[in-house]
Participant: 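Structure in structure tokens, see below.
What you see is a predicted model; the values in this text were computed from it and never measured. Chain A is the first sequence line, chain B the second, and so forth, proteins listed ahead of strands; every chain is numbered from 1. These values consider heavy atoms only, across backbone and side chains, with no hydrogens, waters or symmetry-generated copies.
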There are 2 protein chains.
Amino acid sequence: MPLYRRLRETIAGKITKGEYKPGEALPAEVEIARLYNVAPGTARKAIEELVNEGLLERRHGAGTFVRRPNFNNSMLRFFLFRGTKGKTLTPESRIVSRSVESASEAVAGHLNLPPGEKVIHLNRLRLWEGAPRLLEDIYLPFTLFHPIIDLDESVIGPLLYPAYEIHCGQLVSFVKEEISVTDATADDAAILGLGAHEMVVNIDRLAMNPSRIPIEWRRSHGEARRFHYQVDFS
Amino acid sequence: MPLYRRLRETIAGKITKGEYKPGEALPAEVEIARLYNVAPGTARKAIEELVNEGLLERRHGAGTFVRRPNFNNSMLRFFLFRGTKGKTLTPESRIVSRSVESASEAVAGHLNLPPGEKVIHLNRLRLWEGAPRLLEDIYLPFTLFHPIIDLDESVIGPLLYPAYEIHCGQLVSFVKEEISVTDATADDAAILGLGAHEMVVNIDRLAMNPSRIPIEWRRSHGEARRFHYQVDFS
DNA sequence: GAGTGGTCTAGACCACGAG
DNA sequence: TCGTGGTCTAGACCACTCA
């Protein structure tokens, strides 16, 4: 494996371990080169890859900073939940249930855990302007996230990823999502206030830390009619 | 604008104009550097950006090649149209109608044309294993695509983008897509064989040439139940 | 074996930001 | 003004492909 890639992994590892924290500046490029005994161009290439991956952020003249990806309102990427004044709002969040379970085969598979390993299961309802819009089932490896179990909901707040970072030292840097459309169940329809024959969009998300180790799996679903998404590619 | 970026645009322009054709090798990096009077590292950086954009493809030891993006079966990215044996199939295509029209405001806006400019409008039906699965309305600037109007459908074949390339010299390199879910119209339901209260997924696609000039706009729609999509990001 | 891209190095100079 | 990242240059050596 080339030098610049090993250096990239080393730096990603330091971010995972919290040695470089989100918002903080890394040492200057020339300093990194000196620290790791590589040429400046090599350090630069390692940093460049991390920038392309979204882990770091360069600010010309200021430095290179650890980025904190903004997945918080990320369901806004998928659904049209505009405020009445067109403003972007952070949704209200209600944790309906919290429990520790043995991972099902599916969940263990997604999180790359041994079968039967303990996981935290959260069931959560999210509301925009008071209206229930999204249902979520969230699974977390117990060993990494056990502080979540006993935290007061008001301490957790409406967004989980900052809570993961503050209370469990876990940073989400990558996500993989799968989207499908199915009939709403009777329960879904009741909670989301849907009429008969309505459909829901399901978003299955696997969230990973800076070293690309899976740390959360969740399924969210909301009214299909409100779904809207944009892709660019080549 | 930095040198390597101007060089990138120059090369992208040559691909647009057909001076470098899909599948063909570019001159070697050192040769490009010599041709354009830049340092090898600068040529390399220009090429690197084009590779990241998907316009070029490097093969170690062999050369750098113009890539032909594969948007042909691209609706397979969105819908579960597996063959009965799980094989990937090219769908059958039927052009239902072909006409020359004045661009509506919406179409002119998408294609960045003056209002009222002439466009070709194709209405197309796509079938997988004989079953109608996708309806498409396709809009093309008449000036660039006029040969399409008179071509026999058997000459065009089941895939449009190769036809654009062969008969109109137009290469599609980038696409932008927007996805939403709506009720099926009665017509849609009849053609796609949907039951009552079914929904469709709409995919609005803007296709661009290597210089990112819009050259096609289309709206496709198919049964929501069959929709399935995967995203990675950070 | 000849030619290609891939890695790594070294250093000069510029443009930007923050104090 | 100083330190940062951004650009551009130059060249050595390696790894791979292909005839």
Participant: Below 30° counts as parallel, above 60° as perpendicular, anything between as tilted: where do the rings of Phe79(B) and Phe227(B) land?
Facilitator: perpendicular
Participant: Counting only side-chain nitrogens and oxygens, does Lys45(A) get under 4.0 Å of the OP1 or OP2 atom of dT7(C)?
Facilitator: yes
Participant: Among residues 24-35 of chain B, which residues get a heavy atom nearer than 4.0 Å to DNA chain C?
Facilitator: Ala28(B), Glu29(B)
Participant: What's touching nucleotides 10-19 of chain D from the protein side, N or O pairs under 3.5 Å?
Facilitator:
{"from": "dA15(D)", "atom 1": "N3", "to": "His60(B)", "atom 2": "NE2", "distance (Å)": "2.9"}

Participant: The test is side-chain contact (heavy atoms from CB on, under 4.5 Å); show your working for Val66(A) and Lys21(A) and say whether it passes.
Facilitator: CA-CA 6 Å; Val66(A) 180; Lys21(A) 290 193 181 54; over 6 Å; no
Participant: Give a yes/no on whether any side-chain N or O of Thr42(A) is located under 4.0 angstrom from OP1 or OP2 of dC8(C).
Facilitator: no
Participant: Expected output is a numbered-order residue list: members of residues 2-11 of chain A with a heavy atom under 4.0 Å from any atom of DNA chain C. What is it?
Facilitator: Pro2(A), Leu3(A), Tyr4(A)
Participant: OP1 or OP2 of dG6(C) versus the side-chain N and O atoms of Arg58(B): is any pair under 4.0 Å?
Facilitator: yes
Participant: Hey, what's the ring geometry for Tyr229(A) with Tyr229(B), parallel, tilted or perpendicular (30° and 60° as the breaks)?
Facilitator: tilted
Participant: Is there side-chain contact between Gln170(A) and Leu140(A), with heavy atoms separated by less than 4.5 Å?
Facilitator: no
Participant: Find the distance between OH (Tyr20(B)) and OG1 (Thr64(B)) and round it off to the nearest 0.5 Å.
Facilitator: 11.0 Å
Participant: Going by distance alone, is a donor N or O of one side chain under 3.5 Å from an acceptor N or O of the other, for Tyr161(A) and Glu216(A)?
Facilitator: yes
